[in-house]
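Notes follow the structure.
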Number of protein chains: 2
Amino acid sequence: MQFHQTVNHLLSRVATAHRSRIEKRLGAIGIHSGQLTILFELWKNDGRRQVDLAAELRLAPPTINKTLIGMIDLGLVTRERLEDDARSTRIFLTDAGKQMRQVIEAEWLEIEEEMLTVLTETERLVLFDLLTKLKHFYFGTEPEE
Amino acid sequence: MQFHQTVNHLLSRVATAHRSRIEKRLGAIGIHSGQLTILFELWKNDGRRQVDLAAELRLAPPTINKTLIGMIDLGLVTRERLEDDARSTRIFLTDAGKQMRQVIEAEWLEIEEEMLTVLTETERLVLFDLLTKLKHFYFGTEPEE
DNA sequence: AATATATACTTAGCGTGCTAATAAATTCTA
DNA sequence: TAGAATTTATTAGCACGCTAAGTATATATT
């Protein structure tokens, strides 16, 4: 059988290379891919609970927790216990975390453009559509955003 | 800006979910995704040097090294110093490593099918084509296999 | 031949993902 | 209301990716 000719395998290899490239580009800014994933969520909706971030991103609670520790150290976010439920914490962007958006936005679009140089405009749209379908498969959702 | 509407972001999220799913499925067999990546290469071409595996897969030498240690522990491969160059080692599949192929082959195809249930036959082919182009971008190669 | 450079593997340490197990707080239920 | 079950965050520990630094061997240079 041709393992190498499965979407499975192709996606795996491309994904690793993709993340590696993103890490390298973000590294210059002083940030990591997992941190960015959370920043994206907070930029969209600040002050979420950890468990809600985890659920939204389909990541395990310990993953969120560990990444947040790094982000607190970097001064990107703060944590606050809820008053009406001492189990939970809310995560808030600091000014630094908010301002980071400008720089990352530019970098993110550059990465996007570079990656898509090998595709035509039509192919980009098709790829976006197909990845969206896969995301719905993995996330078990209907279109939302 | 809509970060969430970039291929970049979509690919990142899908990739994480994809790997997570693969890990879960392979876990039942007692193997991990990084190990499988190397197995794929060895099934195609046994007895490679570590540095060649790293180059072929675009992974850093320490990554290969660490993963191989786990595979040796599992009894999937063996390491042998080259006689004519004591710096290098060749990696050989054990019988266990060879026989593993049967089980994984079946599992791999199942995962492939499940993932692609959300796509039509045409979409599958298009996705394969687009991912191939991205792979060439990241790997810096022309079609080879 | 002696030194310098390059190559290959290894070790140490980090971020991102996971599961399992703990601790604390809340909510449910009998 | 007391005890049980659930929820939330955390800690510990693993695999997989990376870079930086170290060691050993091979090759080039002088």
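Each chain gets a letter, A, B and so on, in the order the sequences are listed, and its residues count up from 1.
- Counting only heavy atoms from C-beta outward, the side chains of B/I38 and B/L68 approach each other to under 4.5 Å.
- B/D85 comes within contact range of the sugar-phosphate backbone alone, with a heavy-atom separation under 4.0 Å but no base atom that close.
- Computed from coordinates, the B/I64 CD1 to D/dT19 P distance equals 13 Å when rounded to whole Å.
- In terms of heavy-atom proximity, B/L39 sits nearest to B/L93 at CD2-CD2, 3.7 Å.
- Distance B/H32 NE2 to D/dG13 P: 17 Å, rounded to the nearest Å.
- With D/dG17, D/dA20, D/dT10 as the choices, the nucleotide that has an atom nearest any side-chain atom of A/Q50 turns out to be D/dT10.
- Contact of the A/V126 side chain with the B/L127 side chain is not registered, since no non-hydrogen atoms from C-beta on lie closer than 4.5 Å.
- Considering every non-hydrogen atom in both B/F139 and B/R58, the closest pair reads O-NH2, 2.6 Å.
- Residue B/L82 contributes atom CG, which lies 14 Å from atom C1' of D/dA24 at whole-angstrom precision.
- Residue contacts for A/S20: at a heavy-atom cut-off of 4.0 Å it reaches the sugar-phosphate backbone alone, with no base atom in range.
- The nearest heavy atom of DNA chain C to B/K66 and to B/D52 marks one nucleotide each, and the one closer to the 5' end goes with B/D52.
- For the pair B/K24 and A/G70, nearest-nucleotide mapping onto DNA chain C gives the more 5' position to A/G70.
- A donor-acceptor pair shorter than 3.5 Å can be found between the side chains of B/R79 and B/Q50.
- In this structure, B/V7 and A/R124 approach most closely via the heavy-atom pair CG2-O, 4.4 Å.
- In terms of position along DNA chain D, the nucleotide closest to A/V51 lies nearer the 5' end than the nucleotide closest to the other residue of the pair B/Q35 and A/V51.
- The aromatic rings of A/W108 and B/H9 sit perpendicular to each other, their planes meeting at more than 60°, with 30° as the lower class boundary.
- With DNA chain D read from its 5' end, the first of the two nearest nucleotides for B/T67 and A/R90 is the one closest to A/R90.
- Rounding to whole angstrom units, CD1 of residue A/I22 and P of D/dC18 are separated by 14 Å.
- When the P atom of D/dT11 is taken as reference, atom CG of A/L68 falls 13 Å away, rounded to whole Å.
- Here chain A contacts DNA chain C (any atom closer than 4.0 Å to a heavy atom, that is under 4.0 Å), and the contacts span C/dG15 to C/dT26 from 5' to 3'.
- With rounding to whole Å, B/L57 atom CG is found 15 Å from D/dC18 atom C1'.
- Using a distance-only test at 3.5 Å, with no hydrogens or angles considered, a donor-acceptor pair links the side chain of B/T67 to the main chain of B/T63.
- Among the heavy atoms of the strands lying under 4.0 Å from B/L59 are primed sugar atoms or P, OP1, OP2 only; no base atom is included.
- Within 4.0 Å of A/A60, counting heavy atoms only, lies at least one base atom of the nucleic acid.
- Rounded to whole angstrom, the span from the CZ atom of A/R81 across to the C1' atom of D/dT10 amounts to 9 Å.
- If you check every strand for non-hydrogen atoms under 4.0 Å, A/T89 touches sugar and phosphate atoms only.
- As a whole-Å value, the separation of A/R21 CZ from D/dG17 C1' is 16 Å.
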